[in-house]
Amino acid sequence: MAEEVKDNSMRPEFPTGRVKKIMKLDPEVQRVSSEALFLVSCSTELFLRLLAEKSAQVAIEKKRKIVKLEHLRIAVKRHQPTSDFLLDSLPLPARPVDRPTKDRSQSGPDADKLPPPGTRRIDHFFRKPEEAPEPRVEP
């Protein structure tokens with residue numbers, strides 16, 4: 001029984017093949033030993049667990065049930081060693097932009113724009129041949 005518990009705790013959660021591929025993306029890394037692979041996998045798991053716990057604490061402080069990017073950013077800012085290397089890599093928070101309400105009948109945000117000359121919209125490729133509309137003529 002004790003061996004089963006010990007065996008489960010020694011196996012990292014991340015797939016070792018993917019971790020090894022990521023490690024080999026560095027041009028200086030030629031070969032990866034199994035010990036190094038194990039340590040990097042475990043370290044990554046511990047780091048992500050710490051980050052998730054800190055982000056969850058921030059979400060609880062803000063009285064939220066869902067952890068969002070802003071909670072993660074605050075957690076990273078509070079933890080100085082993490083902030084030094086990770087804060088610049090996180091995406092910036094989305095700012096709400098005051099936009100006039102558009103008619104929902106349009107198919108997308110660029111529906112009113114004409115495509116550049118010589119190009120077609122992607123929905124033209126998925127239409128049946130008998131449905132093909134007449135080509136647009138620029139005014």
Side-chain angles (χ1 to χ4, degrees):
M1 181 73 180
E3 289 179 17
E4 291 177 19
V5 173
K6 184 178 179 182
D7 193 58
N8 283 341
S9 65
M10 293 296 293
R11 199 180 88 214
E13 292 289 324
F14 294 112
T16 54
R18 287 189 185 181
V19 174
K20 190 173 187 177
K21 280 183 182 178
I22 292 170
M23 290 173 68
K24 284 190 165 189
L25 289 175
D26 186 353
E28 295 178 6
V29 176
Q30 299 296 321
R31 295 185 305 180
V32 178
S33 69
S34 60
E35 293 86 7
L37 182 61
F38 176 77
L39 290 174
V40 169
S41 296
C42 290
S43 300
T44 304
E45 186 178 333
L46 288 173
F47 174 71
L48 287 177
R49 186 175 296 147
L50 170 85
L51 205 54
E53 288 171 357
K54 297 289 184 185
S55 300
Q57 285 176 356
V58 172
I60 290 169
E61 289 172 11
K62 302 274 185 183
K63 298 181 179 159
R64 301 285 185 234
K65 292 183 179 180
I66 298 174
V67 177
K68 295 186 176 183
L69 176 61
E70 66 183 75
H71 303 137
L72 181 66
R73 289 187 68 83
I74 293 170
V76 168
K77 283 180 186 177
R78 288 181 184 173
H79 191 249
Q80 187 61 37
T82 305
S83 177
D84 290 342
F85 77 94
L86 188 60
L87 196 57
D88 294 335
S89 300
L90 290 174
L92 295 173
R95 307 251 177 191
V97 178
D98 295 333
R99 294 182 183 160
T101 56
K102 287 188 174 182
D103 184 18
R104 296 275 181 187
S105 63
Q106 294 179 346
S107 64
D110 297 329
D112 56 343
K113 294 182 183 177
L114 292 174
T119 61
R120 293 181 285 174
R121 293 177 51 99
I122 191 142
D123 56 350
H124 290 225
F125 290 101
F126 298 106
R127 290 188 182 159
K128 293 179 183 176
E130 64 269 4
E131 289 183 22
E134 297 178 23
R136 284 185 163 174
V137 178
E138 292 185 21

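It should be emphasised that the depicted structure is a prediction, and the values quoted were computed from it without experimental measurement. These numbers come from the heavy atoms of this one structure, side chains and all, not from hydrogens, waters or symmetry mates.
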| task | Give the cluster check for Leu69 versus Leu86: same hydrophobic cluster or not, with ILVMFWY residues linked at side-chain heavy-atom distances below 4.5 Å. | result | yes
| said: Quick test of your reading: applying side-chain hydrogen bond (donor to acceptor under 3.5 Å, both in side chains), list the pairs with at least one residue in residues 38-51, sequence neighbours left out, ordered by first then second residue. | reply: Glu45-Arg49
| request: Indicate, with yes or no, if Leu48 and Val40 share a hydrophobic cluster defined by side-chain heavy-atom contacts under 4.5 Å among Ile, Leu, Val, Met, Phe, Trp and Tyr. | output: yes
| said: Would you say Leu37 ends up clustered with Leu25 if hydrophobic residues are merged whenever their side chains have heavy atoms under 4.5 Å apart, either directly or through other cluster members? | reply: no
| remark: Looking only at heavy atoms, the pair that brings Val32 and Lys24 closest together is CG2-CG, 4.2 Å
| Are the side chain of Arg73 and the backbone N or O of Pro91 linked by a donor-acceptor pair below 3.5 Å? | yes
| task | Indicate the atoms forming the closest heavy-atom contact of Pro12 with Cys42, along with that distance. | result | CB-SG, 4.4 Å
| query | Val76 and side-chain contact (heavy atoms from CB on, under 4.5 Å): which partner among Val58, Leu87, Asp84? | reply | Leu87
| query | In terms of hydrophobic clustering (I, L, V, M, F, W, Y; side-chain heavy atoms under 4.5 Å; direct or indirect links), are Phe38 and Phe47 co-clustered? | reply | no
| said: Set out, in order, the CA-CA distance, both residues' side-chain angles and the distance that settles side chain to side chain contact (heavy atoms under 4.5 Å, CB included) for His71 and Arg64, then state yes or no. | reply: CA-CA 10 Å; His71 303 137; Arg64 301 285 185 234; 3.9 Å; yes
| Any idea which heavy atoms bring Ile66 and Ala59 closest together, and the distance? | O-CB, 4.2 Å
| query | How far apart are the closest heavy atoms of Lys62 and Ile74, and which atoms are they? | reply | CE-CD1, 3.8 Å
| field | Approximate separation, where rounding is to 0.5 Å, of Lys63 NZ and Lys65 NZ | value | 13.5 Å
| field | Separation of Lys54 NZ from Leu51 CG (nearest 0.5 Å) | value | 10.5 Å
| query | Heavy-atom distance under 4.5 Å between the side chains of Lys21 and Arg18, does that happen here? | reply | no
| request: Start with the C-alpha distance between Lys20 and Met23, add both sets of side-chain angles, then the distance that settles side chain to side chain contact (heavy atoms under 4.5 Å, CB included), and finish with yes or no. | output: CA-CA 5 Å; Lys20 190 173 187 177; Met23 290 173 68; 5.6 Å; no
| Linking I/L/V/M/F/W/Y whenever any side-chain heavy atoms sit under 4.5 Å apart, do Val29 and Val19 land together? | yes
